[in-house]
Amino acid sequence: MTAAVSIDSGKLITRTPGLHGGCPHILGKGVTVCRIVTWYKRGLNAEEICDRIGHLTLAEVYAALTYYHANTQELETYLLHQAAAKRLEALHSNFGKYEMLR
């Protein structure tokens, strides 16, 4: 008979100053809640996210999704800023290529 292991899901998510821009992430794994949420928004369920990010447990994925649903406005704002930054970076990168062709 194996002993049951109890995990406090509230301790699975953390923030580390200077790591991932302060975005909440899975403790000890470095995978951000936003990364998990991105897969979730693309239609993957928790089990499929575990398959994609193989070193996560199902409990960790559910903890990230719970954190997201409890802090939706904060994380949606973060995701919007990230998307805007990526668009600006792509625009700048493409502009540089265009200028080189002139």
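This structure is a prediction, so every number in the text was calculated from the model and none was measured.
- Here side chain to side chain donor-acceptor pair (under 3.5 Å) pairs that include residues 22-38, with residues two or more places apart or in two chains, are T16-H25, K29-E60.
- Atoms CD1 and CG, from I13 and L27 in turn, are 8.5 Å apart once rounded to the nearest 0.5 Å.
- Here the side chains of L12 and T57 are not in contact, with every heavy-atom distance at 4.5 Å or above.
- Cluster partners of L88: none. The rule joins Ile, Leu, Val, Met, Phe, Trp and Tyr whenever side-chain heavy atoms lie under 4.5 Å apart, and it links nothing here.
- Taken to the nearest 0.5 Å, the CG atom of L75 stands 11.0 Å off from the CG atom of L80.
- Residues satisfying the side-chain contact (heavy atoms from CB on, under 4.5 Å) test with N45, not counting sequence neighbours, are E47, E48.
- Applying the ring pair (Phe, Tyr, Trp, His ring centres under 6.0 Å) rule to pairs touching residues 49-78 yields Y40-H69, sequence neighbours excluded.
- Screening residues 63-83 for salt bridge (charged side-chain N to carboxylate O under 4.0 Å, His left out), with sequence neighbours left out, gives R15-E74, K41-E76.
- With values rounded to the nearest 0.5 angstrom, R52 atom CZ is found 8.5 Å from R42 atom CZ.
- In this structure, L79 CG and C34 SG are separated by 4.0 Å, a value rounded to the nearest 0.5 Å.
- L58 has its side chain out of reach of I49: every pair of non-hydrogen atoms, C-beta onward, lies at least 4.5 Å apart.
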Requested in this report: Before giving the answer on side chain to side chain contact (heavy atoms under 4.5 Å, CB included), spell out for I53 and V61 the whole-Å C-alpha distance, their side-chain angles and the decisive distance to 0.1 Å.
Outcome: CA-CA 10 Å; I53 310 172; V61 172; over 6 Å; no
